[in-house]
Participant: 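Quick one: the structure is below, and I'll ask about it shortly.
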Number of protein chains: 2
Amino acid sequence: MKTLDVFKALSNETRLKILNGLREPEKNFPPQDEGDFHLDGVCVSSIQEAVGLSQSTVSGYLATLERAGLVRSKRMGPWTYYKRNEENIRRVLKALEEDL
Amino acid sequence: MKTLDVFKALSNETRLKILNGLREPEKNFPPQDEGDFHLDGVCVSSIQEAVGLSQSTVSGYLATLERAGLVRSKRMGPWTYYKRNEENIRRVLKALEEDL
DNA sequence: TTGATATATCGAGAAACCTCGATTACCTAC
DNA sequence: GTAGGTAATCGAGGTTTCTCGATATATCAA
């Protein structure tokens, strides 16, 4: 979880939009059949539909955000749900305050 | 001064190092003939010597940091001095706290 | 086991970024 | 105006990022 990787993960309009959108899933993503937005997160296809890029691109972006520690994923049946990693995000902000 | 541009500017090890180094110029850059480190800033050649990249690259990096609002420049005679734009940096941090 | 659906990974072409040396512009002193 | 030094811009080659479609993997149902 290096600072540089966090900045790189955030250096893309779509990834920023996803991370931001995940703060209020019901407002920013179409509903999903199963899985609670807040408890479980948002599934890839719902995110894909919202951002309008290909499935592979969105899946890769989510992996990037996860590697940077900004989101966490949970597999439930055939779906993977992504939600913000609030604890880590707060840690990143603290680091920036001292590091920037 | 868009959030995305700030992240892009910070997505480079050298630019991060420059911005950080400018917090304590006398500790991180070789002395310069004229110009006070804190009052005026650090000149390009001093920064260049410290980071060890070409003059054109460093000049470009400084321009990037300035476009992102993270540093400010002042021309004094043949030299251009760069210093941190603390006010803007604080503003960026505030924005991140709400935006991230 | 076969089929259907969700997600992840792979390979490739286009765009952006990194970095350099060369050139240009700027400033000062003669 | 010429010369010398500082900084900014330009052009180019190498690397990374973006984004896609195709393929592979995972899960569940029949």
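Computation of the quantities below employed the complete heavy-atom set of this structure, encompassing side-chain atoms and omitting hydrogens, waters and symmetry-equivalent molecules. Chain naming here is simple, since letters A, B, ... match the order of the sequence lines and numbering starts at 1 in each. Everything quoted here is computed from the prediction, not taken from an experiment.
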Participant: Who are the side-chain contact (heavy atoms from CB on, under 4.5 Å) partners of B:Ala50, not counting sequence neighbours?
Facilitator: B:Phe29, B:Pro30
Participant: For the pair made of CG in B:Leu53 and C1' in C:dG21, what is the distance, rounded to whole Å?
Facilitator: 14 Å
Participant: Take atom CD of A:Gln48 and atom C1' of D:dT19, then tell me their distance rounded to the nearest Å.
Facilitator: 12 Å
Participant: Atom CD of B:Glu34 and atom C1' of D:dG5: how far apart are they, to the nearest Å?
Facilitator: 13 Å
Participant: First locate atom OH of B:Tyr82, then atom CG of B:Leu22, and finally report the distance between them rounded to the nearest 0.5 Å.
Facilitator: 11.0 Å
Participant: Specify the angle, to 10°, made by the local axes at the two ends of the helix from C:dT1-D:dA30 to C:dC30-D:dG1 when five pairs are taken at each end.
Facilitator: 20°
Participant: Separation of B:Leu62 atom CG from D:dT9 atom C1', in whole Å?
Facilitator: 14 Å
Participant: Can you name the residues that form a salt bridge (Lys or Arg N to Asp or Glu O under 4.0 Å) with B:Glu49, not counting sequence neighbours?
Facilitator: none
Participant: Quick one: side-chain contact (heavy atoms from CB on, under 4.5 Å) partners of A:Ser54, sequence neighbours excluded?
Facilitator: A:Ser56, A:Thr57
Participant: Give me each pair satisfying side-chain hydrogen bond (donor to acceptor under 3.5 Å, both in side chains) with a member in residues 16-25 of chain A, each pair once, sequence neighbours excluded.
Facilitator: A:Asn20-A:Arg23, A:Glu24-A:Lys27
Participant: Nearest whole angstrom, please: distance from the P of C:dT19 to the CD1 of B:Ile18.
Facilitator: 11 Å
Participant: Rounded to the nearest Å, what distance is computed from the CE atom of residue A:Met76 to the C1' atom of nucleotide D:dC28?
Facilitator: 14 Å
Participant: Who passes side chain to side chain donor-acceptor pair (under 3.5 Å) against B:Lys94, sequence neighbours left out?
Facilitator: none
Participant: Would you say that more than 12 heavy atoms from the other residues, nucleotides or ligands in this model lie under 6.0 Å from the CG of B:Asp36, or not?
Facilitator: yes
Participant: Tell me every residue that passes side-chain contact (heavy atoms from CB on, under 4.5 Å) with B:Lys8, counting only those two or more places apart in sequence or in another chain.
Facilitator: A:Ser11, B:Leu4
Participant: Without decimals, in angstroms, what is the distance between B:Ile47 CD1 and D:dT6 C1'?
Facilitator: 13 Å
Participant: Name all residues meeting the side chain to side chain donor-acceptor pair (under 3.5 Å) criterion together with B:Glu87; count only those two or more places apart in sequence or in a different chain, and write none if there are none.
Facilitator: B:Arg91
Participant: Please enumerate all residues that pass side-chain contact (heavy atoms from CB on, under 4.5 Å) together with B:Gln48, with sequence neighbours excluded.
Facilitator: B:Gln55, B:Val58
Participant: Below 3.5 Å is the cut-off: list the nitrogen or oxygen pairs between protein and nucleotides 2-7 of chain C, distance only.
Facilitator:
{"from": "C:dT7", "atom 1": "OP1", "to": "A:Val44", "atom 2": "N", "distance (Å)": "3.2"}
{"from": "C:dT7", "atom 1": "OP1", "to": "A:Thr80", "atom 2": "N", "distance (Å)": "3.4"}
{"from": "C:dT7", "atom 1": "OP2", "to": "A:Ser45", "atom 2": "N", "distance (Å)": "3.0"}
{"from": "C:dT7", "atom 1": "OP2", "to": "A:Ser45", "atom 2": "OG", "distance (Å)": "2.6"}
{"from": "C:dT7", "atom 1": "O3'", "to": "A:Thr80", "atom 2": "OG1", "distance (Å)": "3.1"}

Participant: Return the polar atom pairs (N/O with N/O) between nucleotides 14-18 of chain C and the protein under 3.5 Å, or none.
Facilitator:
{"from": "C:dC18", "atom 1": "OP1", "to": "B:Asn12", "atom 2": "ND2", "distance (Å)": "3.1"}
{"from": "C:dC18", "atom 1": "OP1", "to": "B:Arg15", "atom 2": "NH2", "distance (Å)": "3.3"}
{"from": "C:dC18", "atom 1": "OP2", "to": "B:Arg15", "atom 2": "NH1", "distance (Å)": "3.3"}

Participant: Distance-only check: which donor-acceptor pairs under 3.5 Å involve side-chain atoms of residues 70-78 of chain B, not counting sequence neighbours?
Facilitator:
{"from": "B:Ser73", "atom 1": "OG", "to": "B:Glu66", "atom 2": "OE1", "distance (Å)": "3.4"}
{"from": "B:Ser73", "atom 1": "OG", "to": "B:Glu66", "atom 2": "OE2", "distance (Å)": "2.9"}
{"from": "B:Lys74", "atom 1": "NZ", "to": "B:Asp40", "atom 2": "OD1", "distance (Å)": "2.8"}
{"from": "B:Arg75", "atom 1": "NE", "to": "B:Gly77", "atom 2": "O", "distance (Å)": "3.2"}
{"from": "B:Arg75", "atom 1": "NH2", "to": "B:Pro78", "atom 2": "O", "distance (Å)": "3.3"}

Participant: Return yes if the base of D:dG21 and the side-chain atoms of A:Ser54 contain a donor-acceptor N/O pair under 3.5 Å, otherwise no.
Facilitator: no
Participant: Could you state the atom-to-atom distance from CG of A:Leu16 to C1' of D:dT17 in whole Å?
Facilitator: 15 Å
